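For reference, the structure is listed below as structure tokens.
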Amino acid sequence: MARQWRGVVEEYRDRLPIGPDDPVVTLGEGGTPLVEAPALTERVGARVWLKVEGANPTGSFKDRGMTMAMSKVAAGDARMVVCASTGNTSASAAAYAVRAGLGCVVILPDGKIAAGKLAQAIVHGSTLVAVDGNFDDCLNIARGLAEEYPVELVNSVNPYRLQGQKTAAFEVVDALGDAPDIHVLPVGNAGNISAYWLGYNEYAGRTTAASVDDVATRLEPVATRVPRMWGVQAEGAAPFVKGAAVEHPETVATAIRIGNPASWSLAQAARDDSEGRIDAVGDAQILDAQSLIASEVGVFVEPASAASVAGLLALAELGEVPKDARIVCTVTGNGLKDTATALGRAEVAPTVVAPTLAAVVETLGL
Ligand SMILES: *Cc1c(COP(=O)(O)O)cnc(C)c1O
């Protein structure tokens with residue numbers, strides 16, 4: 001029988017802060033495909049792979065961090081978790097809370113969540129509270145709840161989230177044999193870019209500011225080097241590019257519609273220490289990249305995920321992409337979560353014909 005992937009905690013247990021007797025709350029997350037993208041390779045003149053995180057159990061990379069965070073909560077006394085969410089954190093928290101037998105409260109910005117993500121939080125039985133404000137307001141409220149009540153916060157300010165998310169970098173190295181030259185990913189709250197940087201460094205035998213123990217030096221290095229980290233924000237929500245918080249973030253890519261990133265300093269360190277960069281792309285570029293990835297690579301991603309590819313394409317046009325570099329773009333979430341945005345630009349209605357072979361053949365012009 002083929003070996004079953006056991007989830008990121010069991011697969012990378014020796015590199016995660018989890019005790020031998022701690023409970024592991026898992027839905028089999030991680031082990032996601034690293035898909036070559038010849039259509040992108042051709043366009044940018046460097047070899048491009050997509051790390052397809054939409055293949056996780058709840059359809060985004062958030063599951064990697066959630067398995068760690070929820071396992072830690074399950075080991076303690078709290079009976080309830082809380083998160084603020086632009087959608088995917090709540091989808092993930094809701095599912096993993098079910099798995100852990102915990103209650104889940106979701107604080108979300110009213111009217112700004114893609115329908116698919118909202119559906120996930122609802123079917124998994126979370127308590128939803130919509131706030132007339134933005135994500136940053138929601139996170140402040142969630143933090144307050146966790147401080148004053150017996151509720152655990154599972155947003156990425158929870159350090160175990162980054163620990164779980166760093167495993168994506170391990171998987172990239174395991175697949176390619178070493179770190180790529182450049183790793184590109186969308187930046188919202190900036191936890192993921194910080195987690196990848198952490199993972200790449202620990203696999204190369206170095207610690208970063210986000211390390212919580214000595215695994216980097218206790219274990220043999222697996223990688224010989226680390227990549228440059230290229231972050232991509234949406235123009236309307238680009239605090240790193242502006243160098244200051246954005247009070248009213250706005251973008252079609254709701255998962256990165258964040259004006260005041262929680263992992264600000266870690267992400268800045270990832271950018272600077274890797275000699276990387278964080279740029280911004282417009283919503284039109286994001287949606288163009290989303291449809292390009294769907295129609296030419298065969299992967300359906302949500303808008304925020306397409307920001308990484310949009311950024312790479314824009315930099316390639318400026319001649320900023322080194323020829324023949326090995327580049328991995330993380331596409332963070334599944335396109336099925338937000339079909340309305342994707343279909344908003346397409347011709348949806350199929351032609352209706354008579355129920356005969358002849359009519360279909362005629363329509364196809366065969
Ligand atoms: C959460 C999320 C992001 C942003 O990740 P950060 O860690 O907040 O920077 C990007 N894309 C998707 C699909 C997400 O769910």
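Values below: all heavy atoms of this structure, side chains included; hydrogens, waters and symmetry mates excluded. One-based numbering, in listed order, for ligands and for the atoms of each. Because the structure is a prediction, the values reported are computed rather than measured.
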*For ligand 1, is there an atom lying under 4.0 Å from some heavy atom of A190?*
yes

*What is the nearest protein non-hydrogen atom to atom 5 (O) of ligand 1, stated with its residue, atom name and distance?*
F61 CZ, 3.4 Å

_Tell me whether S60 has any N or O atom under 3.5 angstrom from an N or O of ligand 1._
no

*Mind checking whether A255 has an N or O less than 3.5 Å away from an N or O of ligand 1?*
no

*Between T332 and E53: side-chain donor-acceptor atoms closer than 3.5 Å*: no

_Proximal ligand 1 atoms for N189, defined as those under 4.0 Å from one of its heavy atoms_ = 6 (P), 8 (O), 9 (O)

*asked:* Under 4.0 Å, heavy-atom basis, I'd like to know which part of E302 is in contact with ligand 1: side chain, backbone, both or neither.
replied: side chain

*Location of contacts on I258 toward ligand 1, heavy atoms closer than 4.0 Å*: neither

*Under 3.5 Å, is there a donor-acceptor pair linking the side chains of E202 and S211?*
yes

*Compute the shortest N/O to N/O distance between N192 and ligand 1 and return yes if it is under 3.5 Å, no if not.*
yes

*Do ligand 1 and G188 have nitrogen or oxygen atoms that lie under 3.5 Å from each other?*
yes

*For ligand 1, which atoms sit closer than 4.0 Å to a heavy atom of G333?*
13 (C)

_Residues E29, R64: salt bridge by 4.0 Å N-O rule_ = no

*Pairing of R47 and D324 as salt bridge, 4.0 angstrom limit*: no

*For G191, counting its heavy atoms only, list the atoms of ligand 1 lying under 4.0 Å from any of them.*
6 (P), 7 (O), 9 (O)

_Protein heavy atom at shortest distance from atom 2 (C) of ligand 1_ = K62 NZ, 2.4 Å

*Using distance alone, with no hydrogens and no angle criterion, decide if N134 and E247 have a side-chain donor and acceptor under 3.5 Å apart.*
no

*What do you reckon, does T332 have a nitrogen or oxygen under 3.5 Å from a nitrogen or oxygen of ligand 1?*
yes

*Number the atoms of ligand 1 from 1 as they appear, then name those within less than 4.0 Å of a heavy atom of A304, with their elements.*
11 (N)

*Do the side-chain N and O atoms of T217 and D214 include a donor-acceptor pair separated by under 3.5 angstrom?*
no

_Distance-only side-chain donor-acceptor flag, Q120 / K337, under 3.5 Å_ = yes

*Using a distance-only test with no angle check, is there a side-chain donor-acceptor pair under 3.5 angstrom linking E171 and Y12?*
no

*When only distance counts, is Q165 in polar contact with ligand 1, meaning an N/O pair under 3.5 Å?*
no

*Looking only at side chains, do D283 and T251 share a donor and an acceptor under 3.5 Å apart?*
yes

_Show me which atoms of ligand 1 lie under 4.0 Å from any heavy atom of V187._
9 (O)

*Are D181 and R225 ion-paired here, with the side-chain N under 4.0 Å from a carboxylate O?*
yes

